[in-house]
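These notes are about the structure you will find just below.
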2 protein chains.
Amino acid sequence: MPKGVAENVPDDGLTTRQRRTQPVTAVHTGPGKGKSTAAFGMALRAWNQGWPIGVFQFVKSAKWKVGEENALRVLGESGQGGPVAWHKMGSGWSWVQRDIESSEEAAREGWEQVKRDLAAETYRFYVLDEFTYPLHWGWIDVAEVVEVLRERPGSQHVVVTGRYAPEPLLELADLVTEMTKVKHPMDAGRKGQRGIEW
Amino acid sequence: MPKGVAENVPDDGLTTRQRRTQPVTAVHTGPGKGKSTAAFGMALRAWNQGWPIGVFQFVKSAKWKVGEENALRVLGESGQGGPVAWHKMGSGWSWVQRDIESSEEAAREGWEQVKRDLAAETYRFYVLDEFTYPLHWGWIDVAEVVEVLRERPGSQHVVVTGRYAPEPLLELADLVTEMTKVKHPMDAGRKGQRGIEW
């Protein structure tokens with residue numbers, strides 16, 4: 001595949017080099033498979049660039065995506081590429097010492113940490129996995145998220161995954177991919193398969 | 001996300017355990033981003049299961065996907081998870097000793113090796129990256145591909161990526177995801193970005 005020729009050159013006064021280091025906000029949404037999987041695939045490229053990677057898993061159960069988590073841990077500890085930090089809401093977030101009362105509170109604690117890390121430029125590549133759900137459910141203010149992402153300092157790339165991505169987030173995003181479910185083995189009565197689903 | 005409850009249980013005489021080890025044929029197609037990226041994300045799960053992984057990159061230039069390739073090499077050599085073999089058409093395929101005249105011939109050589117490996121059950125998880133293009137261009141016979149994939153022995157999972165997936169391949173596949181391009185930075189005149197596009 002060619003590296004791609006820009007369809008039109010924007011009149012933004014930036015050089016190509018400047019445009020190349022602009023922070024990217026990507027959203028993987030839609031009902032199909034591959035939203036998170038593609039985000040973790042992107043993380044492989046970020047790792048290869050030596051960029052610090054922060055994964056924030058906004059899901060209740062921490063047992064999911066163990067394959068991706070183990071792989072990124074091994075990569076992060078390999079001494080090559082960038083370091084990887086993997087944060088799980090399902091385990092109560094490592095930085096929260098007290099008991100968390102609800103999923104809503106847990107999601108908010110996650111977002112507060114993302115805000116702190118963006119302000120501190122802790123990572124260069126963020127996966128906010130399943131982050132659309134707390135937005136969709138009204139647990140986290142969409143306008144604030146858009147504002148924080150728009151105003152984030154430096155060149156920090158952020159990938160948000162999940163269904164029902166709110167419109168203001170899609171408007172902010174530079175790259176939006178919708179995964180459409182065409183056919184899925186569960187339709188044919190298959191249950192999730194080891195190595196394929198997790 | 002829940003592990004999923006099968007929408008209907010098929011009358012195929014198989015146990016859930018048998019169904020869980022059935023080989024999966026997946027196709028990632030459509031004009032959007034993330035087709036290959038999601039395939040390499042799936043490979044992280046396969047790696048975590050300890051499965052041997054074979055990647056066949058059916059593209060002319062071998063310089064692409066260097067991030068994913070480096071990451072999977074490091075994982076494959078980590079002593080944890082499964083081993084990884086990465087085959088590149090762009091470098092003339094490692095097993096072909098003579099000069100290859102054309103991309104068409106190169107694509108056919110790739111498919112011949114995939115057939116040999118499927119017959120020998122060399123890998124447990126295959127990524128046939130951009131394999132739809134030689135099919136779409138008529139370089140490789142679609143009916144033969146469908147036949148070989150349908151009749152492959154054991155529990156070998158195969159993921160095919162690329163646009164223009166031929167209909168018979170979609171019919172054969174257990175899992176088809178279409179990546180739809182909603183918004184892409186190149187539309188806004190940005191060129192490909194390091195760490196994001198490669």
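Lettering of chains follows the sequences in order, A, B, ..., and the numbering in each one begins at 1.
- Taking A:Asn48, A:Val159, A:Thr29 one by one and counting their heavy-atom pairs under 4.5 Å with chain B, the maximum is reached by A:Asn48.
- No side-chain heavy atom of B:Asn70 sits less than 4.5 Å from a side-chain heavy atom of A:Leu44.
- Going from atom CH2 of A:Trp47 over to atom CD of B:Glu68 covers 11.0 Å, rounded to the nearest 0.5 Å.
- Residue B:Gly34 comes nearest to A:Ala38 through the heavy atom pair O-CB, 4.1 Å, listed as atom of the first residue, atom of the second, then distance.
- Contact of A:Glu178 with chain B is made through backbone and side chain together, with heavy-atom distances under 4.5 Å.
- Contacts of A:Thr177 with chain B are made by both backbone and side-chain atoms, with heavy-atom separations under 4.5 Å.
- The distance from atom CZ of A:Arg73 to atom OG of B:Ser78, rounded to the nearest 0.5 Å, is 14.5 Å.
- The structure places CE of B:Met42 at 7.0 Å from OG1 of A:Thr37, a figure rounded to the nearest 0.5 Å.
- Per-residue counts of heavy-atom pairs under 4.5 Å with chain A were compared for B:Ala39, B:Ala26, B:Ala173, B:Ala71; the largest is that of B:Ala71.
- One finds the CE atom of B:Met179 at 10.5 Å from the NZ atom of A:Lys33 (value rounded to the nearest 0.5 Å).
- Residue B:Glu171 places its CD atom among more than 12 non-hydrogen atoms of other residues, nucleotides or ligands, all under 6.0 Å distant.
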